[in-house]
Peer 1: 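Structure incoming, see below.
Convention: sequence-line order gives letters A, B, ...; per-chain numbering from 1.
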Amino acid sequence: MRYSQYFIPTLKETPSDAEVISHQLMLRAGMIRKVAAGIYDYLPLGLRSIRKVENIVREEMNRAGAIEILMPMVTPAELWQESGRWDFYGKELLRFRDRKDGEFCLGPTHEEVVTDIVRREVRSYRQLPLNLYQIQTKFRDEIRPRFGLMRGREFIMKDAYSFDVDSSAADISYDKMYQAYRRIFERCGLRFRAVEADTGSIGGTSSHEFMVLAESGEDAIVSCNCCDYAANVEKAEARISEVTAHVEPRPLEKVATPGKKSIEEVSAFLDVPSSIMVKTLVLLADDEPVVALLRGDHDLNEIKLKNLLGCETLEMAPDEIVLKVTGAQPGFAGPVGLAVKIVADLVVRGMRNFVTGANETDMHLKNVNLERDCAVKAFADIRNVSQGDPCPRCEGGAMELWRGIEVGHVFKLGTKYSQALKATYLDADGKEQIIFMGCYGIGVGRSVASCIEQNHDENGIIFPIPIAPFHCIISTVNYAKEEEVRKASDAIYEQLLSAGVEVLLDDRDERPGIKFKDADLIGIPLRIVVGAKNLVEGKVELKHRATGEMELLLVAEAVEKVKAAVAEALKK
RNA sequence: CGGGGUGUAGCGCAGUCUGGCUAGCGCACCUGCCUUGGGAGCAGGGGGUCGGAGGUUCGAAUCCUCUCACCCCGACCA
């Protein structure tokens, strides 16, 4: 491609509404432009990278035996009503009516639609297993779209759905997808972790998320520094601590702590570490008050508590409720004498003589002991794992904390949708059986964005070759006036093109500085600089964007090197 | 949905508090000259419903009311 004939509108300055680096760089590099909140144009460079990811995904899905289809973006309400999600999904589902007043929505995911295909077409166990996938634009009317392609409302997603005769066959399909996902993200050149995850509103029995490691990631994940265990913090199990050695309970003591509400304030005021304090949280589970007890330096994991209680909603109680439940202003709650349901974290069971609120404004209690001072029956793992915690799976391992961007998610769905939509088959005995499903998503645009989060410097993007919009750029010095430069550049361009290298020839009549800056910004991995100075000796410069390594080579050598580097990087 | 903020040229911003000359600056863009190994220089030029509607006023980018869009924090979320 000749740069002068192409369309790469780069920006020298960073648009003020772009917060994360990938969003800033994708705008500056002319890859995307915003059309509305969370809705973007894909300009040529952005589209090329997206297509690269799509093709890797497609190859690996096909390799794993999945079959590509394309389902509609507009889907009828009936299917969603049948699965029950029409009422459950909420405002994220963009709904509208057609001219005949029929109800529809833009597909945010396609379990219903694909299950409908399968229930109509699959009759026999002989037709299973089946795995159907599509690469398609989805729409979710996010409450707060942000970070460019990272969290848009409209986005390109690969979604696959597996159908099996039973649970163990479904496990095999799941494992195939898990392995395919590893290959996909490895081929994209991403540094990632596959972690155990909560299933959220999709439902189902178990799932893994594929997390690209990046500081800007919206998710917290933990992994063991010793074994393979890794999980989203939402899901990560805290290791059950053994009860502390016998400590003589000391007499209960009430102390004044005027105006000291937070754990930090009380800890400093009474000069006790937060780890021997118990924090008492008042929550509303489906509008019923519930109290959660945690060690002072631990955080509540709302998902664990929500799953434990089996409630639909869980939120922090407003001040009035706290006052009603504890008889004190927020900040002075404690478990002693409370009449509502109390759930204590497992760690709290082992705590002796701890400090907690007295259920009296401006007062705390010292030397509280649960078994003596209050009637707590429920103990459960309801806290977030923190840095350095012991691994729940191996001896001696410690948990490390990371930030991650979720680029892929695989779920075992079980029979949730097949049951609701009556997707069944006849087994070898002629008996009707329910189909077992799995679903598997990859955010395509998000993968490109997260790649940029991981691979950039102060000059711009540093694409890995497999998803770079072009493999190589030829930056020419005075292409317009120097005939030798023009001839050599054109020749290199033709040679690379015919070798199958995707090459961008910067033939613009611009000063070299502009071309170098643009080349760095758009992140093309390999750059050949053709200038009169080196051409006198028949040489050109080959520069690697990632390392900054620069070599002075004969024209033919440079061409060979580029070909070799591209071939090596695209090896499957 | 709650809290905060911003809308002035393609991008980045000043001007708004304290109403008043023809609405400015940098970058980008166009023409010419010059220049060509890291976003050059000189000269000339084009581009604005000051987010929109209504109001106050002799006079509104500036004050008031309503409204729209976008951004940030929170809640929520695959």
Peer 1: Going by atom types alone, do T115(A) and E111(A) pair a side-chain donor with an acceptor below 3.5 Å?
Peer 2: no
Peer 1: With rounding to whole Å, what would you report as the distance between rG10(B) and rG47(B) at their C1' atoms?
Peer 2: 10 Å
Peer 1: Compare the minimum distances between each of rG39(B), rC13(B), rC73(B) and the side chain of K517(A), then state the nucleotide with the smallest one.
Peer 2: rG39(B)
Peer 1: Looking only at N and O atoms, is any donor in the side chain of D520(A) or the base of rG38(B) less than 3.5 Å from an acceptor on the other one?
Peer 2: yes
Peer 1: Polar pairs (N or O, both sides) under 3.5 Å between protein and nucleotides 14-16 of chain B?
Peer 2:
none

Peer 1: Would you list the atom pairs, donor with acceptor, under 3.5 Å between side chains in residues 141-150 of chain A and any protein atom, with sequence neighbours excluded?
Peer 2:
| residue | atom | partner | partner atom | Å |
| --- | --- | --- | --- | --- |
| D141(A) | OD1 | R153(A) | NH1 | 3.0 |

Peer 1: Applying salt bridge (Lys or Arg N to Asp or Glu O under 4.0 Å), name anything that partners E103(A), two or more places apart in sequence or on another chain.
Peer 2: R97(A)
Peer 1: Tell me every residue that passes ring pair (Phe, Tyr, Trp, His ring centres under 6.0 Å) with Y6(A), counting only those two or more places apart in sequence or in another chain.
Peer 2: F470(A)
Peer 1: Who pairs with D457(A) by salt bridge (Lys or Arg N to Asp or Glu O under 4.0 Å), at least two apart in sequence or on another chain?
Peer 2: R545(A)
Peer 1: Please report, rounded to the nearest Å, how far the C1' atom of rA75(B) is from the CG atom of L284(A).
Peer 2: 14 Å
Peer 1: Using salt bridge (Lys or Arg N to Asp or Glu O under 4.0 Å) as the criterion, list what pairs up with R187(A), not counting sequence neighbours.
Peer 2: E59(A), E60(A)
Peer 1: Is K533(A) near enough to rU36(B) that one of its side-chain N or O atoms lies under 4.0 angstrom from OP1 or OP2?
Peer 2: no
Peer 1: Indicate the atoms forming the closest heavy-atom contact of I184(A) with M61(A), along with that distance.
Peer 2: CD1-SD, 4.5 Å
Peer 1: I39(A) has an atom CD1; how far is it from atom C1' of rA69(B), in whole Å?
Peer 2: 13 Å
Peer 1: Kindly point out which of rG39(B), rC76(B), rC70(B) is positioned nearest to the side chain of A37(A)?
Peer 2: rC70(B)
Peer 1: Whom does rC29(B) pair with, Watson-Crick or G-U wobble, provided both distances fall under 3.5 Å?
Peer 2: rG45(B)
Peer 1: Counting side-chain heavy atoms from CB outward, which of rA40(B), rA75(B), rG38(B) is closest to I514(A)?
Peer 2: rA40(B)
Peer 1: For rG7(B), what is the paired nucleotide under Watson-Crick or G-U wobble rules, both distances under 3.5 Å?
Peer 2: rC68(B)
Peer 1: Quick one: closest heavy-atom pair of I452(A) and S22(A), and the distance?
Peer 2: CG2-CA, 3.7 Å
Peer 1: Ignoring the backbone of D509(A), work out which of rU36(B), rA75(B), rC70(B) is nearest its side chain.
Peer 2: rU36(B)
Peer 1: Where the side chain of K34(A) is defined as all heavy atoms beyond and including C-beta, which of rC76(B), rC70(B), rG38(B) is the nearest nucleotide?
Peer 2: rC70(B)
Peer 1: When you compare rU62(B) with rC21(B), how far apart are their C1' atoms, in angstrom units rounded to a whole number?
Peer 2: 16 Å
Peer 1: Is N459(A) touching bases, backbone alone, or none of the nucleic acid, heavy atoms closer than 4.0 Å?
Peer 2: nothing
Peer 1: Under 4.0 Å, heavy atoms only, any strand: does K91(A) hit a base, just the sugar-phosphate, or nothing?
Peer 2: nothing
Peer 1: Tell me which nucleotide among rG74(B), rU35(B), rC70(B) gets nearest to the side chain of D17(A).
Peer 2: rC70(B)
Peer 1: Let me know the distance between CG of L535(A) and P of rU36(B), rounded to the nearest Å.
Peer 2: 17 Å
Peer 1: Taking the nucleotide of RNA chain B with the nearest heavy atom to each, does F155(A) or F147(A) sit closer to the 5' end?
Peer 2: F147(A)
Peer 1: When you measure from the side-chain N and O atoms of R33(A) to the phosphate of rG10(B), is any distance below 4.0 Å, counting only OP1 and OP2?
Peer 2: no
Peer 1: Can you list everything that forms a side chain to side chain contact (heavy atoms under 4.5 Å, CB included) with D159(A)? Sequence neighbours excluded, please.
Peer 2: H110(A), Q134(A), K138(A), M157(A), Y161(A)
Peer 1: Does R527(A) reach a base, just sugar-phosphate, or nothing at all? Heavy atoms under 4.0 Å.
Peer 2: base
Peer 1: Classify R153(A) by what it touches in the nucleic acid, base, sugar-phosphate, or nothing, heavy-atom distance under 4.0 Å.
Peer 2: nothing
Peer 1: On a whole-Å scale, what distance lies between the C1' atoms belonging to rA23(B) and rA60(B)?
Peer 2: 13 Å
Peer 1: Calculate the interatomic distance between D141(A) atom CG and rC76(B) atom P; express it in whole Å.
Peer 2: 18 Å
Peer 1: Assign each of R146(A) and R508(A) to its nearest nucleotide of RNA chain B by heavy atoms, then name whichever residue's nucleotide is nearer the 5' end.
Peer 2: R508(A)
Peer 1: CD1 of I522(A) versus P of rG39(B): gap in Å, rounded?
Peer 2: 18 Å
Peer 1: Looking only at side-chain N and O atoms, does R144(A) come under 4.0 Å of OP1 or OP2 in rC71(B)?
Peer 2: no
Peer 1: Rounded to the nearest angstrom, tell me the gap between atom CG in L521(A) and atom P in rC27(B).
Peer 2: 19 Å
Peer 1: Nearest-Å distance, OH (Y89(A)) to C1' (rC76(B))?
Peer 2: 13 Å
Peer 1: Roughly, in whole Å, what's the span from CG in L27(A) to C1' in rC27(B)?
Peer 2: 17 Å
Peer 1: E406(A): which residues meet the side chain to side chain contact (heavy atoms under 4.5 Å, CB included) condition with it, sequence neighbours left out?
Peer 2: E209(A), M211(A), D219(A), H409(A), R446(A)
Peer 1: State whether R511(A) places a side-chain N or O below 4.0 Å from either non-bridging phosphate oxygen (OP1 or OP2) of rA40(B).
Peer 2: yes
Peer 1: When the ring planes of Y174(A) and Y178(A) are compared, do they come out parallel, tilted or perpendicular, using 30° and 60° as the limits?
Peer 2: parallel
Peer 1: Carefully, step by step, assess V503(A) and I474(A) under the rule side chain to side chain contact (heavy atoms under 4.5 Å, CB included).
Peer 2: CA-CA 7 Å; V503(A) 56; I474(A) 303 170; 3.8 Å; yes
Peer 1: If we take the C1' atom in both rU65(B) and rG20(B), what is their distance in whole Å?
Peer 2: 24 Å
Peer 1: How would you label the contact of E510(A) with the nucleic acid (heavy atoms, under 4.0 Å): base, sugar-phosphate, or nothing?
Peer 2: base
Peer 1: Does any nucleotide pair with rG19(B) by Watson-Crick or G-U wobble geometry, both distances under 3.5 Å, and what is it?
Peer 2: none
Peer 1: NA contact type, K138(A), heavy-atom cut-off 4.0 Å: base, sugar-phosphate, or nothing?
Peer 2: nothing
Peer 1: List in numerical order all residues of residues 2-15 of chain A for which some heavy atom is under 4.0 Å away from an atom belonging to RNA chain B.
Peer 2: K12(A), E13(A), T14(A), P15(A)
Peer 1: rC1(B) pairs with which nucleotide, Watson-Crick or G-U wobble, both distances below 3.5 Å?
Peer 2: rG74(B)
Peer 1: List in chain and number order the residues that pass side chain to side chain contact (heavy atoms under 4.5 Å, CB included) with L11(A), two or more places apart in sequence or in another chain; answer none if no residue qualifies.
Peer 2: P15(A), R28(A), R33(A)
Peer 1: Under 4.0 Å from any atom of RNA chain B, heavy atoms only: list the residues of residues 40-47 of chain A that qualify, in numerical order.
Peer 2: none
Peer 1: Can you tell me, in whole Å, how much space there is between the C1' of rC50(B) and that of rC68(B)?
Peer 2: 16 Å
Peer 1: Contact class for G531(A) (heavy atom, under 4.0 Å): base, sugar-phosphate, or nothing?
Peer 2: base
Peer 1: Excluding sequence neighbours, so at least two apart, what forms salt bridge (Lys or Arg N to Asp or Glu O under 4.0 Å) with K279(A)?
Peer 2: D299(A)
Peer 1: Quick one: sort the W80(A) and Y89(A) rings into parallel, tilted or perpendicular, breaks at 30° and 60°.
Peer 2: perpendicular
